[in-house]
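Whatever order the structure lists ligands and atoms in, that order sets their numbers, starting from 1. Because the structure is predicted, anything quoted here is derived from the model rather than measured. Heavy atoms only: backbone and side chains are in, while hydrogens, waters and symmetry mates are out.
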Amino acid sequence: MKYRPLGRTGWNVSEISFGAWAIGGFWGQVSEEDAMKTLHKAIDCGVNFIDTADVYGDGRSERLIAKLKKQRREEIIVATKAGRKLPRQTVEGYSRENLTTWIDDSLKRLEADALDLLQLHCPPTDAYYHPEIFGMLDDFVKEGKLLYYGVSVERVEEALKAIEFPNVQSVQIIFNCFRQRPAELFFPNAQEKKVGILARVPLASGLLTGKLRRDSTFPADDHRNFNRHGEMFDVGETFSGVDYDRGLEAVDQIKKLLPSDVSMSQFALRWILMFDAVSCAIPGGKRPEQVADNCRASELALLSAEIMTEIKQIYDEKIGPQVRQRW
Ligand SMILES: NC(=O)c1ccc[n+]([C@@H]2O[C@H](COP(=O)([O-])OP(=O)(O)OC[C@H]3O[C@@H](n4cnc5c(N)ncnc54)[C@H](OP(=O)(O)O)[C@@H]3O)[C@@H](O)[C@H]2O)c1
């Protein structure tokens, strides 16, 4: 595993880290035993950074990570999120009172004295025009409840606005072969300001693993079943907002570029790591084998300029027209 600096935090994080949404909820059932084995495998593979949120499984994901931390001696940096407990996303919801409650609850579940990195969890765009929210986060850092804070965003424009606040240390954004726009304007800006970038949904919710088919089915409590059209949260979080069949066609084209003995998941993650601005990709996983497969991406050779151009062409022709203008 290779490590990269996360913005100005002084942390070096595993370039393939771990996203702990699926072991919490909304991805079908994952037993506690499987979830713990998956987390342990991540640490065995050199992962030192885990992304979670207070709402993943209503706190389950955070509790499992607390358990992991007690069972391991390695340093494990935990980034959590707050804001999605709100019944409706409003700027007013990001009040001092609410933030205090959410932070205190995460501290309890993670059994920590301070949160390593708290991210606002896709707040409404208008929140970035309210500096007092970021002022409150500064206060929580001064009080010692947070070491650092950052944001998780839906849109490139929100990312650009967020990094105007000088103490935003990280931006989490969807970035993968099917979501290339962040690399154009946002990445150079974030790099200049030394803001860390967490590439989320790096496998397009499993599409970019190459295992999905036209007739694949998903459990009733899996967002790939119930959020395909944005019924519960932003449609971009499910398959990166790409039409399923169109996504499968593009995956078939990408598969032709795979070097031998490289899995599609590894290839998709290696593509992300080709961008220096990215601090880490945070693929989710429900089983140890998935994590081991994904972590191998860090050891792969760089992709050639020709392959990068071909992936850009596939994106420009098949995917970009559906997603570019939205996020
Ligand atoms: N708003 C936000 O801030 C937000 C939103 C979304 C995600 N996130 C964060 O980003 C992380 C990653 O995104 P994501 O989990 O949505 O999607 P993802 O990483 O693109 O896809 C993860 C899913 O793909 C499958 N998978 C993973 N590795 C595989 C492998 N090697 N082979 C075969 N299948 C594999 C697993 O599901 P199956 O086995 O069921 O197919 C896994 O749960 C999340 O865990 C979360 O921490 C944040």
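- Relative orientation of the Tyr56 and Trp21 rings is parallel, given thresholds of 30° and 60° on the angle between their planes.
- The aromatic rings of His223 and Phe233 sit tilted relative to each other, their planes meeting at an angle between 30° and 60°.
- The two residues Leu118 and Lys81 have their closest heavy-atom pair at CD1-C, 4.1 Å.
- Every residue was checked against the ring-ring contact (aromatic ring centres under 6.0 Å, His included) condition with Phe140, not counting sequence neighbours, and none meets it.
- Enclosure of atom CZ in Phe134 by more than 12 non-hydrogen atoms of other residues, nucleotides or ligands within 6.0 angstrom is indicated.
- Contact residues of ligand 1 (protein heavy atom closer than 4.0 angstrom to a ligand atom; sorted by chain and number): Gly19, Ala20, Trp21, Ala22, Trp27, Asp51, Tyr56, Lys81, His121, Cys122, Ser152, Gln172, Arg200, Val201, Pro202, Leu203, Ala204, Ser205, Gly206, Thr209, Lys211, Arg224, Glu237, Ser265, Ile282, Pro283, Gly284, Gly285, Lys286, Gln290, Asp293, Asn294.
- The aromatic rings of Tyr148 and Trp11 sit perpendicular, their planes meeting at an angle over 60°, well past the 30° parallel limit.
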